[in-house]
2 protein chains.
Amino acid sequence: MIENTPLVRKLGAFVALSAPELAVLASLHKRRRTFVAGRDLVRQGQSDQAAYILANGWACSYKLLEDGRRQIVDFQIPGDFLGLRSILLHVSDHSIEPVTDIEVTEILAADLLTAFAQTPRLATAVLWAASRDEAMVVEHLVDIGRRDAAERMAHFLLELGGRLTLVGLATKAGYACPLTQYLLADALGLSSVHVNRVLRQLREAGMVTFREGFVAFDDYDKLAVFAKFDPTYMDPRGPLLL
Amino acid sequence: MIENTPLVRKLGAFVALSAPELAVLASLHKRRRTFVAGRDLVRQGQSDQAAYILANGWACSYKLLEDGRRQIVDFQIPGDFLGLRSILLHVSDHSIEPVTDIEVTEILAADLLTAFAQTPRLATAVLWAASRDEAMVVEHLVDIGRRDAAERMAHFLLELGGRLTLVGLATKAGYACPLTQYLLADALGLSSVHVNRVLRQLREAGMVTFREGFVAFDDYDKLAVFAKFDPTYMDPRGPLLL
DNA sequence: ACGCTGCGCTGATCGAGATCAGCTATCGAC
DNA sequence: GTCGATAGCTGATCTCGATCAGCGCAGCGT
C-alpha cells in the first residue's frame, strides 16, 4: 500500500486513482535524495535532466538574466513536482534551488513516459497538476503586471497560505515560512529594501505580520479584500475523472 | 486523411502520431464556429466551458481585476488551444477575447478525456503543448518582473516572431501583426502612452519598426542582443516520443 | 575576544514609467 | 458634410519603487 504522500493527496483530488495506478505511481519513485539549501539541483540550460517530487522542505524555481537580475517563478512545497518541464521540453528553461535543506525522490524521464503510456489516467492527472501550476504562474503574472507592491505582497502571502493549507501546513491564523526578504524581492519583482517597507506597511495596517520565519494573519478578511484575493483558481472543484 | 493543420504540425514535432491517433485527434473537432473581434468567447469564472482550437486569426487570454485593470497573459495564434485549462480545472480562471475575427473548432471536455484514456500518447503530446505554453508564460513573467520597458517590448516582438515562424506566418524580416498599442500595453504591464514612446525608441535606434499592422525587424541581431533573447525555451528539440 | 557574513531595517535621493491633458488622422454612421 | 469613435502620438507633471548608503544584531569560525 502506497503511503498517503502529499502528491497522492493532490492528484487524488482530481482523479480517483485505482490501486494499480497508485502502484505505478509508487514505482516511479526511485532513489531518495537530499540537497542542502542554496545549492541548485537543476540548472538553466541543462538537458536530459531528471525530475523530482519534493517530499520535504521548500524550493524555488527561477530564471536568471545574464546580468544577474533574477526572477523567481514559483516556490515549491511538499507534494510539488520539480523540473517536470525539463523532461517534457528536453532541456531545462529554469533553475531550481532549495530554500531549505530538502528531501526529494527522483523520477526518470523514461519511466514517466512509460507510465503515461500504461496508465492514461495518470497522464491526465499529471496534466491537471501542470495546469494548476500554470494557473498559479498566471496569477503571479497578474500580480507583477497589474498590482502595486503592497497588493502584490498581500496576494502572495495569501496564495502561499492557501497552498500550504491544502497539504496541512497552514491555517487561517498563519504558517511557518522560511523565505527571506531577498527571496520575496526576487519573486515579486521588487528590491529587498522595498519588500521590507511593504511588510512594515502591512503590519502597521494590522493585516499581516511576517517575522522570524512566521507569517501571522492579523486580519485575514481585511487582507483578502485589500489584495483582491480570489481563490477560485486554487481550490479543486471536486474530481473531474471518477 | 487528416489535413496538415497547425495543431498537428505542432504536436507532431513532439510525438510521432500514428494514423489511428491522428484519427482520434480529428474526431475531437466538432462544430466549426466563428467569433467576431472583441466579443469574449470564454469568460472568467464560467464553469463547464468547452475548449477550442484556433484555426484562423488571433486571440488573447487575459485576467481582469475588479477595478478594471487588466493583464493579458498570452496571445494565441493558429494552432493554439483556447481554454484548455478551463476544462481541466472545471472553471475558467481567465477570459479569452478574439483580437481579430477568428475561426475555431470546438472540443468537448468529455471527448477530450475519453481520447486521453484511449490514446495515451495523445495525452502526453497535449501535456507537452501545455508545458510549452507554460514556458512562455514564465518567460513573460521574467519580462514583466525583471526587464525594463524597452527590453520587454523587444523581447516580446521577437518571441511572437519566433512563434509565428513555426506556423509559417513570419520570417526574420518581420510579420503582420494586428495588435494595437493598447493591447501591447495590457500584455506588457505598461500604459499605452509608454508603449508608444518605447516603440519610437526602438524605431529610432534602428532595431524594429511596428507600423500599420506590420512588424519589420530593421536589425534582427541587434534587437536580439538588446533584448537578451534566448530562444531555447521555444524551439522543439526534436521528438521526445517516437 | 575578534571580525565576518547574512539578514533585517531605515533615511535620502533619483529615475522610469504612470497619469493628465491634449493633439491629429482615419473611418463609418447618419 | 459633420459627428463620433478609435488609434496613434506628444509634452508636462507626479509618484512609486529603485538605488545608495548606512544602521544594528545574531551566529559562527578562529
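Lettering follows sequence order; numbering is per chain, from 1.
- Here the nucleotide nearest the side chain of A/S191, chosen from C/dT10, D/dT19, D/dC9, is D/dT19.
- Ranking C/dG17, D/dG11, C/dG11 by closeness to the B/H194 side chain, first place goes to C/dG17.
- Taking side-chain N and O atoms only, B/R197 has no distance below 4.0 Å to OP1 or OP2 of C/dA16.
- Residue-level contact check: A/G189 touches the backbone only, with heavy atoms under 4.0 Å from sugar-phosphate atoms and none from bases.
- Of the side-chain N and O atoms in A/N196, none sit less than 4.0 angstrom from OP1 or OP2 of C/dG8.
- Of the N and O atoms on the side chains of A/D74 and A/S61, not one donor lies less than 3.5 Å from an acceptor on the other residue.
- For A/A149, whose side chain is taken as the heavy atoms from C-beta onward, the closest listed nucleotide among D/dA18, C/dG17, D/dG17 is D/dG17.
- One finds a salt bridge joining B/R146 and A/D186 here, because a Lys/Arg side-chain nitrogen approaches an Asp/Glu carboxylate oxygen to under 4.0 Å.
- Checking C/dG17, D/dT10, C/dG11 against the side-chain heavy atoms of B/R152 singles out C/dG17 as nearest.
- Here C/dC7 is the nucleotide among D/dC20, C/dC7, C/dG17 with the atom lying nearest to any side-chain atom of A/T180.
- Across all strands, A/V198 comes closer than 4.0 Å to no nucleic acid atom at all (heavy-atom distances).
- Picking from D/dA18, C/dG17, C/dG11 the nucleotide with the shortest atom distance to the side chain of B/L190 gives C/dG17.
- Residue-to-nucleotide proximity on DNA chain C shows that, of A/R146 and A/L199, the 5′-proximal contact is made by A/L199.
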